[in-house]
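Letters A, B, ... mirror the listed sequences (proteins, then strands); counts begin at 1. Keep in mind that this is a model prediction, so the values were computed, not measured.
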Amino acid sequence: MSRVSLYLSTLLLVALPVAYVAFLYLVPLGGVALRSVDNSTIHANLPATASAIDEAGAPSDEVAAALAKDLAAADRRSLGELARLLNLDAPGMRSLLLKTKRALDEVEVKGLADLRAIDPDWDEPIYWQALAENAQPYTFRYYATAIGLDRDPAGGWQFGAEGAIYLQILLRTFWMSLQVAVIACLIAYPLAHAIANGPPTVRVLLLGAVLLSFWMSILVRTTAWVVILQREGLVNEALMALGLVREPVQLIFNRLGTLLAMVHVLLPFAVLPLLNNMKQIPAQQRDAARSLGAGPFESFLRVYLPQTMRGILVGAGTVFILSLGFYITPALVGSPGDQLLSYYIADFMLKQLNWGMASTLSVILLACVLLGLAVAWLVNLLWRPAARAA
Amino acid sequence: MTTHDRLRLERLSKHYGRHQVLHDVSLDIERGSFLTLLGPSGSGKTTLLKVLAGFERCSAGRLLLGDADITSLPAERRNFGLVFQGYALFPHMTVANNVAFPLKVRRWDRSRIEARVREMLELVQLGHLAHRKPAELSGGQQQRVALARALAFEPDLLLLDEPMSALDRKLRADLQIELRRIHRRLGTTFVYVTHDQDEAMTMSDQVAVLDHGRLMQVGPPETLYERPENRFVAEFLGRSNFLPARLLAAEGPGSRIEVAGRTCRHAGPVPEAGHGVSLLLRPEDIEVRPASPGDGWNCLSGRLQIRTYFGDRALYQVEVPGAGTVSAYAPARPEFRPAEGDEVHLVWRAEDGVLLPAEAERS
């Protein structure tokens, strides 16, 4: 087969997957990224105002006339959306705009004075600033909010009174993901070792158990934890029956339950790379270490563990990155204080209908994951000589 | 040679469940010797090696190093070096760190380790590769690193488990010479496990032949080849002819035997077996002649079936009535060149035959 036809046939083979990924993954992803800075509602609905107003938002007759013209041209639906968005920046602007729109049916606005006659609130600079701020088709308002910045009365940025709440949530997301990754690896290591080196029956049974939970839906497994860990659940009843506790212990809807369930759901992702790694280490290595004088502990530490480092890193990295985007499990078994960033993304999307904010948080999370992958890639690159030797 | 450094195997037995793989193996391995455990697969040689190394406990018997009983000493405390068939180098360590491993485990000084590693790598002629990873070396180089590592801590014994089976012929030959050189230089006791009779013959001072978990014979290669004690050893080492024979009479230093209906002379020891015996003749001890040399010679006549030419010699397969097919080597340029189908005469000297008790054929 010639080179050209080889390329052509390869291209043909990847055409479908590439199209699939492009249209169902990259395009929506781009949409999310755009939405996180998108400000076109105002720009599109107040075109005359947007071009007339200056950066500082100084009111003038010219701007007032442009605004009146735009408002008169706006239909009810887009005006409602516009007013809602502006109200986020300048509280009270919603009613001000709607009132002005109604008045425009009777009054012709030629200058600033006419607007003031409709509502004296148009004297306040904050409303004009809000208009000036949103004159641009894009905004970093959502990112500012995400890192805890707030509008000060003079129109500048300041750190909000409630602090950088989303940064804290992001930090919590990282911290819990790290905990899950470490715990999962600690549990997965001996398990993978038993599967890799144990007698055949044990091997089949354990691997079956790991894969079985791999094939079951996350929702089902999480719900099972709710059943087991709840106040009248299996664990509590057992503890009480044994007389270890008098009152049921709170095992779920807290951090403990969340970590427990997440570790369980993600365990196969730590076991499989480790298992793959361990299977490549010949049993002879242990005999060799012993014949050279190393006891079991030393031979594990100096010979076995270093050779499984790659499996540990791949397993922990996979669990960590998957944890960052976890939603269902913490939502079902966690308290409000255990929710990860994805929970707030869903909340903004489904309840608050603030797609800009939801998109922004998504982009931040995605950036973090990509950063994590970049680090993993670097580690992999540095680890390559050892990997090739194995 | 001090007796307290001799390794003595005392009636070692090993069974897995009801399956016995070693039967009463007794053997003395003198300090500084090069002993080969030779046997086909399933002969128990690998199990014996594992018992010696300490990876397997024997079911019965004792293992003595000098006067010390090391039967139950774990592998890591035996101070025996081990070279594996698959090298078993540590892939995450450099060549130098592999060799340093047993020394670090023994908590040697840094400077002493460095000196020793350099010395060992020089010994196997790999000093220039000290900072490579094992994966960057060829098979032969890796096996030499394994050798340096197993010898670095001055073991009381070096066990080599078919160390060359993964190498090609040329490398094998090189490494064989290298092994003998190192053995001579260090004077460490080598115990070499192989199924390859040529390796066993060319390298060892002593060969121990194993079959089905039993020790068949121990001795220098020459003794095993020239005076095998049983048919298994004779067949396993080199090519051999077994001719059914009958002992007629012992006369003076020799005896008279009947082979395929002819009376022949025999000059070696005679087995005690009162009934049948077999005469072992090596092909190189048989001369192929056009005519019988006359009375007083051991001679059988037969018809040449197949002649196989090797360049340096030729193999004649001769059908002898009453004795089956007999193989004989002829020189490369013989004066007598019979054609296939011709009648030929096979002649041998009385002292070249070996009489063995006739055994029931192995199934």
Identify which part of A/Q285 has an atom lying under 4.5 Å from any heavy atom of chain B, answering side chain, backbone, both or neither.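 The answer is both parts of A/Q285.
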If you draw a 6.0 Å radius around [atom1] in [X], do more than 12 non-hydrogen atoms from other residues or ligands fall strictly inside?
X      : atom1 : value
B/R11  : CZ    : no
A/Y7   : OH    : no
B/H128 : NE2   : yes
B/K14  : NZ    : yes

So which residue, B/Y87, B/F80, B/F55, ends up with the most heavy-atom pairs under 4.5 Å with chain A?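 If we count pairs closer than 4.5 Å to chain A, B/F55 comes out on top.
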Any idea which of B/G54, B/G81, B/G86 has the most non-hydrogen atom pairs under 4.5 angstrom with chain A?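 Ranked by heavy-atom pairs under 4.5 Å with chain A, first place is B/G86.
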Minimal non-hydrogen separation, [X] against [Y], with atom names:
X      : Y      : answer
B/F84  : A/S291 : CE1-OG, 4.4 Å
B/A75  : A/R290 : N-NH2, 3.6 Å
A/A294 : B/E76  : O-CB, 3.5 Å

Considering heavy atoms only, which positions within residues 94-117 of chain B lie below 4.5 Å of chain A?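 Result: B/F101, B/P102, B/K104, B/V105, B/R106, B/R107.
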Do B/H92 side-chain atoms and A/R302 backbone N/O form a donor-acceptor pair below 3.5 Å?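 Answer holds: yes.
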Which portion of B/F153 sits near chain A, non-hydrogen atoms under 4.5 angstrom: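 Contact with chain A: side chain only.
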Flag the pair B/M93 / A/P306 as yes when at least one side-chain heavy-atom distance between them is below 4.5 Å, and no otherwise.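 With C-beta onward as the side chain, the pair stays apart.
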